[in-house]
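A short write-up of the structure that comes next.
Protein chains get the first letters and strands the later ones, always in sequence-line order, with residue 1 at the start of each.
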Protein chains: 2
Amino acid sequence: MTEKGVRARIVEAADRLFYGHGIGRVGMDAVRDEAGASLKAIYREFSSKEDLVLAVLEHRHQLWTAGLESAMVGLTEPRERLLAVYDYLASWFDEADFRGCGFINAFAELGADSPRIAAAVRDHKASFQRYVDAQVVEIGAAPSLGPQLAILAEGAQTSAAIAGAPDAAMSARAAAEVLIDAAMAGQADRG
Amino acid sequence: MTEKGVRARIVEAADRLFYGHGIGRVGMDAVRDEAGASLKAIYREFSSKEDLVLAVLEHRHQLWTAGLESAMVGLTEPRERLLAVYDYLASWFDEADFRGCGFINAFAELGADSPRIAAAVRDHKASFQRYVDAQVVEIGAAPSLGPQLAILAEGAQTSAAIAGAPDAAMSARAAAEVLIDAAMAGQADRG
DNA sequence: CCCGGCGGAGAACGTTCGTTCTCGGTGATG
DNA sequence: CATCACCGAGAACGAACGTTCTCCGCCGGG
């Protein structure tokens with residue numbers, strides 16, 4: 001347990017620093033100070049900084065997935081579950097230290113030269129896409145709606161980060177409502 | 001002219017390298033080699049790497065704006081002009097060296113600690129938003145449509161970059177059509 | 001009490017980077 | 001021809017980084 005505790009402390013400290021300042025601008029010394037661990041302990045858990053970055057991304061993926069699921073407890077209708085995505089985004093954007101999607105940021109910084117990090121980011125986004133697609137199937141809309149709703153979520157994240165405008169989540173939500181209703185009307189027409 | 005030529009060569013070389021590998025991973029020595037200039041010449045034109053980055057962003061902004069305008073020559077109807085945005089994105093995504101939006105990438109890498117770069121990125125996105133808003137006004141749709149269309153464009157860029165799927169532009173275009181038509185129908189209802 | 005290994009603090013090392021300096025050459029001006 | 005400002009090539013410098021090593025204190029087993 002103490003070993004796991006150390007590892008978790010390191011990952012969470014690195015996550016805070018990487019997310020807040022960018023990966024390249026945070027040295028291992030800063031991670032050591034923030035985690036209250038030793039460099040030796042860090043390198044015992046992770047064989048390189050890239051490995052630590054991958055662990056941080058995995059950790060963020062767990063947080064994101066758990067947050068998404070908790071945002072839709074009690075929502076049974078797929079339409080509501082789809083729209084809850086944007087409510088979840090809205091609450092995220094309102095956090096004081098919001099600085100965009102950590103996966104997009106990591107990809108922008110390291111994706112070109114680190115295939116492993118690029119793959120981790122792709123996996124995360126694909127997982128989200130699968131979730132959206134599943135709800136789209138459940139409401140019986142055309143599959144083309146799935147990518148459209150995911151694009152809205154992606155765009156809301158970068159718009160909110162760059163413009164500092166958390167209301168991008170509500171814009172995306174309103175757009176999603178129109179798209180969902182249009183897609184379901186289209187399905188109703190032919191079935 | 002020769003002075004301008006040197007400056008332009010430096011900016012274009014830096015742009016290629018920064019965009020292809022990320023700003024932090026490209027040193028001034030690499031810029032010197034790619035531009036065929038001397039370090040002294042670079043620092044005569046730009047007092048620091050940050051200044052060079054700002055010049056590169058300004059250059060990219062000009063390219064983007066010019067490309068957008070050329071994508072809609074001959075299109076007179078605002079609806080067509082709005083949709084041409086996504087056609088322009090599609091042709092961009094198909095370029096071999098497409099690696100996402102250089103502004104988003106720069107913001108992800110340096111926005112947290114460099115206010116000047118953050119401001120340059122914000123200005124670029126605000127300029128695009130103004131263009132979209134102007135077309136939205138012209139077709140007489142509710143102003144809330146503007147941010148929604150911009151979010152679609154943002155999301156298409158990151159989706160295409162991360163998933164390596166250029167068809168995100170066509171997904172966004174299809175969604176934009178639905179949103180525009182719904183917004184205009186709504187306006188028609190009440191006037 | 002003694003000993004051996006483990007862990008932490010931090011120095012050290014090699015590299016890379018942003019920036020500046022040195023040096024030798026070149027071309028215009030008198 | 002002499003002078004002088006300017007230029008490019010590249011060395012140099014100080015800082016920061018990722019990673020490893022050294023040293024010392026601590027703790028359990030004899």
Practice item. Mind telling me whether F103(B) and H124(B) have parallel, tilted or perpendicular rings, with 30° and 60° as the class edges? Key: parallel
Review point. Rounded to the Å, how far apart are R32(B) CZ and dC7(D) C1'?
Key: 15 Å
Check your understanding: Who pairs with R116(A) by salt bridge (charged side-chain N to carboxylate O under 4.0 Å, His left out), at least two apart in sequence or on another chain?
Key -> E50(A), D51(A)
Review point. Could you state the CG-C1' distance from D113(B) to dA16(D), rounded to the nearest angstrom?
Key: 15 Å
Practice item. Measure from CG on L17(A) to C1' on dA16(D) and round the result to the nearest Å. Key: 16 Å
Exercise for review: Could you work out which one of dA9(D), dT20(C), dA9(C) sits closest to the side chain of S38(A)?
Suggested key: dA9(C)
Exercise for review: Tell me whether the OP1 or OP2 atom of dC17(C) has a side-chain N or O from R25(B) closer than 4.0 Å.
Suggested key: no
Exercise for review: Assess the pair Y86(B) and W92(B): is the distance between their ring centroids shorter than 6.0 Å?
Suggested key: no
Exercise for review: Report the nucleotide, chosen from dG8(D), dT19(C), dG18(D), that has the shortest atom-to-atom distance to any side-chain atom of K40(B).
Suggested key: dG8(D)
Check your understanding: Is D181(B) salt-bridged to R79(B), cutoff N-O under 4.0 Å?
Key -> yes
Review point. How close or far is atom P of dG8(D) from atom CD1 of I10(B), stated in whole angstroms?
Key: 9 Å
Practice item. Under 4.0 Å between any heavy atoms, over every strand shown, what does V31(B) touch: base, sugar-phosphate, or nothing? Just pick one. Key: nothing
Point to revise | 5' precedence on DNA chain D between Y43(A) and D29(B) (nearest-nucleotide basis) | key: D29(B)
Point to revise | Minimum-distance nucleotide (side-chain atoms of L39(A) versus dA11(C), dC17(D), dT19(C)) | key: dA11(C)
Review point. Is D29(B) salt-bridged to R32(B), going by a charged N under 4.0 Å from an acidic O?
Key: yes
Practice item. Give R44(B) one of three labels, base, sugar-phosphate or nothing, depending on what nucleic acid heavy atoms sit under 4.0 Å from its own. Key: sugar-phosphate
Practice item. Take the protein atom CD1 of I42(B) and the nucleotide atom C1' of dT20(C), then report the distance between them rounded to whole Å. Key: 14 Å
**Study point:** Length of the CE-C1' vector between M28(B) and dA12(D), whole Å
**Key:** 17 Å
**Study point:** Distance in angstrom units between D33(A) CG and dG10(C) C1', rounded
**Key:** 11 Å
Review point. In whole Å, what is the span from the NZ atom of K49(B) to the P atom of dT20(C)?
Key: 15 Å
